[in-house]
Amino acid sequence: MAMASASGSALCFTDASSSLALRRDCGALCLPPRTVTFGFVDKPLVNLERLRLSTLKIRASNATAVENGKQEGSAADSDKVPTPVVIIDQDSDPDATVLEVTFGDRLGALLDTMNALKNLGLNVVKANVYLDSSGKHNKFAITRADSGRKVEDPELLEAIRLTVINNLLEFHPESSSQLAMGAAFGVLPPTEPIDVDIATHITIEDDGPDRSLLFIESADRPGLLVELVKIISDISVAVESGEFDTEGLLAKVKFHVSYRNKALIKPLQQVLANSLRYFLRRPSTDESSF
C-alpha cells in the first residue's frame, strides 16, 4: 500500500509485470524489477530480487485456535495455539509506518524481527509492548534508513509482512497451522483451508467529499498487498493511505482511495469492487510455481 505524496498526487504502477511469488525450491521471495510512480516522480524500487524469506517480517492478527479437539474454557486452555496477527498501519503515525505483531502471550522481545527489518534497510525508531485480553502486542514504528521517511513502496511493505510471518513460522512452528503460508513453509498446514468465495467481502463507502474508504476481507496469500494496490491503480484510483492486517488465514484491508482527489462515484465503486472480486476469487496459483 502506498501513501500519496503531500501534494495529494496519485500512485500508479508504470509496469504491470508479474507480482510477488514465493518459490518452494529456494524459499525466496522473488520480485520482478520495475518502477512505481509516487507523486508523478519515477524512482526505482528497492532491489528485493530473490530476497531470502528468512529476512522478511510482517504483522499477524491474534485469535485463539482449538487444538486436539479441546474446547475453549477447558483445563488445557494454556495449550491452545493463538492465531497470529500482523498489522501494517499507514494511518496512525504521519511520520512512520506502524508494525504490530501479536501471538497470544508467546512472543518474546522480537529481537530477530528487529534485526530482519534492519536487513531490509529500515530503522525501528520506536517500539513498545502492551498487554490486553488478546495477549502481548509488540508495536514498532519504522522508517526507511536512507530517507528517514515512512515506507511507501508496496513491494517493501509486502516484504515486511512476509518477514514477520516467516519469523513466526521459524521461531513458533506451532503457528503454521494458523497461517496461509504454513501450507507451503510450515510444519503443519492449516487444518481447514478457507473457501475464497465465502471469505471474500468488499465494501466501499464515502469518507467525506475528497476520498472513499475501501474495505477488503479475503483469504491471505503471498503478494496480496502488492496485487491489490496494482489492481486499484490500474483503473486510475489512487491509494492515499491505509492498513493491511494478516489475521491467521485471513487478510483484512482498509484503504483510503480517491479518483482525481474526489470520492469515488457509485459507478466507479462498482467497477473497482468487481475488479477486486474477480481477482480475489479466481483460482490461486499452483503450488509448483512457488
Side-chain angles (χ1 to χ4, degrees), residues 1 20 22-23 26-31 45-62 81-90 92-93 95-131 135-176 178-182 184-187 220 222-226 243-248:
M1 100 197 69
L20 292 167
L22 283 171
R23 295 185 52 183
C26 63
L29 174 67
C30 302
L31 301 173
L45 289 173
V46 175
N47 183 12
L48 298 178
E49 196 120 16
R50 298 187 64 81
L51 183 65
R52 294 297 302 175
L53 187 61
S54 61
T55 66
L56 302 177
K57 301 283 176 188
I58 293 225
R59 176 197 107 134
S61 161
N62 185 10
V81 179
T83 300
V85 176
V86 175
I87 298 169
I88 297 178
D89 179 7
Q90 295 283 66
S92 60
D93 191 324
D95 301 316
T97 297
V98 176
L99 168 67
E100 185 177 334
V101 185
T102 307
F103 187 48
D105 60 357
R106 304 189 181 205
L107 291 177
L110 290 185
L111 294 178
D112 54 297
T113 298
M114 297 179 70
N115 288 331
L117 292 175
K118 291 180 180 179
N119 291 337
L120 290 177
L122 303 169
N123 285 333
V124 179
V125 296
K126 183 169 57 178
N128 61 66
V129 178
Y130 67 93
L131 295 171
K136 180 189 296 184
H137 300 255
N138 295 265
K139 185 176 289 189
F140 308 93
I142 57 179
T143 60
R144 293 187 59 132
D146 56 357
S147 65
R149 302 180 62 182
K150 69 195 311 176
V151 181
E152 296 180 333
D153 296 340
E155 280 88 351
L156 186 51
L157 289 169
E158 179 70 353
I160 293 169
R161 187 175 80 95
L162 294 179
T163 296
V164 174
I165 289 178
N166 180 70
N167 274 15
L168 283 167
L169 292 173
E170 181 177 356
F171 295 100
H172 297 279
E174 73 275 17
S175 70
S176 69
Q178 310 291 330
L179 293 164
M181 285 176 56
F185 298 100
V187 295
D220 187 32
L224 184 59
L225 189 158
V226 175
E243 180 178 315
F244 192 101
D245 300 353
T246 305
E247 300 188 3

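Atom set for the values below is all heavy atoms of this structure, side chains included, hydrogens, waters and symmetry mates excluded.
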To the nearest 0.5 Å, atom CG of Leu120 lies from atom CG of Asn123 at 11.5 Å
Exam field: side chain Lys136 to backbone Leu107, donor-acceptor pair closer than 3.5 Å
yes
The criterion is side chain to side chain contact (heavy atoms under 4.5 Å, CB included); which residues satisfy it with Thr97, sequence neighbours excluded?
Ile88, Gln90, Ile142, Lys150, Val151, Leu157
So do Val81 and His172 actually touch side chain to side chain, heavy atoms under 4.5 Å?
no
Just by distance, do the side chain of Gln178 and the backbone of Gly248 share a donor-acceptor pair under 3.5 Å?
no
I'd like to check Phe185 versus Leu179 (side-chain heavy atoms, cut-off strictly below 4.5 Å). Are they in contact?
no
Non-hydrogen side-chain atoms of Leu99 and Leu117 separated by less than 4.5 Å:
yes
Nearest heavy atoms of Thr246 and Phe244, plus distance in Å
OG1-CE2, 4.0 Å
Among all residues two or more places apart in sequence or in another chain, which pass the side chain to side chain contact (heavy atoms under 4.5 Å, CB included) test with Asn128?
Tyr130, Lys139
Between Val98 and Ser92 the two heavy atoms that sit nearest each other are CG2-OG, 3.5 Å
Side-chain contact test, heavy atoms from C-beta onward, threshold under 4.5 Å: evaluate it for Glu170 versus Asp112 and give yes or no.
no
Exercise: identify the closest heavy-atom pair between Val187 and Ser176
N-OG, 3.4 Å
For Ser175 versus Phe103, what's the shortest heavy-atom pair and its separation?
CB-CZ, 3.6 Å
Rounded to the nearest 0.5 Å, how far does CG of Leu169 lie from CD of Glu174?
10.0 Å
Which atom names give the shortest non-hydrogen contact between Pro82 and Arg106, and what distance separates them?
CD-NE, 3.4 Å
Starting at CG of Asp245, measure out to CG of Asp220 and round the result to the nearest 0.5 Å.
11.0 Å
Decide yes or no for Leu156 and Leu122: does some side-chain heavy atom of the first lie under 4.5 Å from some side-chain heavy atom of the second?
yes
